[in-house]
Protein chains: 2
Amino acid sequence: MARTKDPAVRALLLERAAHMLRTRAPVTLRTLVAGTGVSTMAVYTYFGGMDGLWRALRQEGFSRLTARLAAVDTTADAVRDLAALGAAYLVNAVEGPDLYRIMFDAGFDLEDPGAADETLHTLVRTVERATADGRFATGTDPLELATQSWAVGHGLASLVTSGPLPPAALGHGVPMLTALFTAAGDEPDRCRDSVAQGWAGLRAAAP
Amino acid sequence: MARTKDPAVRALLLERAAHMLRTRAPVTLRTLVAGTGVSTMAVYTYFGGMDGLWRALRQEGFSRLTARLAAVDTTADAVRDLAALGAAYLVNAVEGPDLYRIMFDAGFDLEDPGAADETLHTLVRTVERATADGRFATGTDPLELATQSWAVGHGLASLVTSGPLPPAALGHGVPMLTALFTAAGDEPDRCRDSVAQGWAGLRAAAP
DNA sequence: GCACTATACATAACACTGCTATGTATAGTG
DNA sequence: CACTATACATAGCAGTGTTATGTATAGTGC
């Protein structure tokens with residue numbers, strides 16, 4: 001019926017935008033398309049405008065985060081895995097601070113609102129596994145504990161990437177998660193070990 | 001030697017900017033001065049440009065936060081006070097979400113970098129008091145626990161004001177702080193009581 | 001008291017932003 | 001193969017923050 005869109009162009013613009021964000025170059029309509037050969041109109045045909053580009057970029061951020069969390073391997077120790085997920089979350093944030101910042105900007109409107117839920121769901125499932133293994137009290141609400149773990153991760157990631165806290169502050173994740181999991185019923189010493197192990201698998205989370 | 005600046009103009013612009021932020025009106029150079037009688041140049045003489053205005057606005061955000069925390073009354077129960085400070089922090093964030101968001105934007109460059117430290121120091125002093133009262137273990141690092149409490153507060157505040165979590169999620173602050181303080185050595189039941197009491201003084205924190 | 005000067009402030013133009021109206025070439029379809 | 005809907009380029013628009021220029025005025029040395 002007519003010319004069809006080239007998905008490669010969309011991917012190129014998205015990749016270039018992410019790169020410019022990483023190198024702290026100002027991402028504007030004209031600077032984005034400069035050098036790519038495509039015209040400014042491409043942004044409108046593929047994203048419907050700059051707002052659409054930012055939305056797609058937020059989506060991209062969640063996709064990368066999801067991939068990061070999926071790369072964390074599952075072991076017999078669910079509490080360890082939970083800590084490993086937390087560490088992976090922080091690594092993702094500090095490696096792409098600008099992309100991470102954008103993910104939580106502008107009223108949080110995404111192309112696919114389920115993307116954030118999926119991230120949270122990974123945590124929920126791991127909490128359920130830990131509870132099934134008898135690590136947490138039987139009455140534990142998985143969504144509640146997962147949300148609290150997320151808040152801890154986001155709090156640290158945000159304060160570090162924003163500037164007020166130095167990168168070393170990410171280490172607070174260990175005692176904080178340990179406190180959270182212990183309060184949920186895990187045996188203190190064992191919990192400390194599990195969290196420490198999961199935290200050590202911090203490098204393994206990088207693809 | 002020459003004409004002197006009128007501090008009232010500066011305060012007026014700052015107040016108006018904060019109001020426009022609160023009412024979600026776009027804050028731009030021209031919309032800011034529109035109707036005030038002053039010209040666009042005023043922004044440059046008083047703030048050196050829009051960047052300076054944003055910096056001053058961030059400063060204003062920290063000032064209001066500091067005032068909020070100072071309004072929290074000190075009781076004999078330091079752990080209760082610590083929870084009350086956390087609640088006040090959250091109230092401040094949800095009552096002025098846009099101002100709060102700005103506080104942690106743009107690389108965190110403030111006019112007075114000590115403003116954030118002062119906020120944190122309020123928490124540090126309260127932790128020290130709780131430790132002196134025998135609530136926390138003697139080896140407790142006040143700055144460490146204060147920072148962790150801040151991370152909890154900021155994590156919740158940020159996720160709620162950004163959208164992913166509903167306002168009701170602020171209630172997670174109770175179990176989270178309880179877990180943190182219990183891990184620091186406080187007796188679980190007593191801690192729960194203290195935190196609940198501090199959290200109840202949530203309305204009292206409003207000036 | 002007064003000329004002098006440095007400063008606050010207004011006006012207008014500048015380069016830039018995202019966006020849209022218009023025109024053109026082309027890929028898919030009957 | 002003609003036709004049409006669509007991708008895309010070009011150019012102009014209103015808006016942004018910033019800066020150059022001019023003017024009036026508040027403070028200071030005499």
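Proteins come first, then strands; the chains are lettered A, B, ... in the order of their sequence lines, and each starts at number 1.
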Starting the side chain at C-beta, find the nucleotide from dA10(C), dT17(C), dT10(D) nearest to S39(A).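 Closest of the options to the side chain of S39(A): dT10(D).
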From the options dC9(C), dT17(C), dA9(D), select the nucleotide whose nearest atom is closest to the side chain of Y46(B).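 Shortest atom-to-atom distance from the side chain points to dC9(C).
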Can you tell me how the ring of Y100(A) sits relative to the ring of Y89(A), calling it parallel under 30°, perpendicular over 60° and tilted otherwise? perpendicular
Mutual orientation of the aromatic rings belonging to F62(B) and F104(B) [parallel < 30°, tilted 30-60°, perpendicular > 60°]: perpendicular
Over how many whole Å does the gap from R10(A) atom CZ to dC8(D) atom P extend?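 In whole Å, dC8(D) P and R10(A) CZ are 13 Å from each other.
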Whole-Å gap separating C1' (dG18(C)) and CH2 (W54(A)): 12 Å
Salt bridge between D73(A) and R80(A), side-chain N to carboxylate O under 4.0 Å?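 Judged by the 4.0 Å cut-off on N to carboxylate O distance, D73(A) and R80(A) do form a salt bridge.
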Is the shortest side-chain N to carboxylate O distance from D77(A) to R135(A) below 4.0 Å?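 A salt bridge is present here (some side-chain N lies under 4.0 Å from a carboxylate O).
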R22(A): what forms a side-chain hydrogen bond (donor to acceptor under 3.5 Å, both in side chains) with it, not counting sequence neighbours?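 Result, side-chain hydrogen bond (donor to acceptor under 3.5 Å, both in side chains) vs R22(A): none returned.
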At a cut-off of 3.5 Å, list every protein nitrogen or oxygen paired with a nitrogen or oxygen from nucleotides 18-20 of chain D, distance to 0.1 Å.
unit_1  : atom_1 : unit_2 : atom_2 : d
dT18(D) : OP2    : Y44(B) : OH     : 2.7
dT18(D) : OP2    : M50(B) : N      : 2.9
dT18(D) : O5'    : Y44(B) : OH     : 2.9

Is the shortest side-chain N/O distance from T28(A) to OP1 or OP2 of dT17(C) below 4.0 Å?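 Indeed, a polar side-chain atom of T28(A) lies that close.
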Which nucleotide, in any strand shown, forms a Watson-Crick or G-U wobble pair with dT29(C), with both distances under 3.5 Å? dA2(D)
All pairs passing salt bridge (Lys or Arg N to Asp or Glu O under 4.0 Å) where residues 163-172 of chain B contributes a residue, at least two apart: none
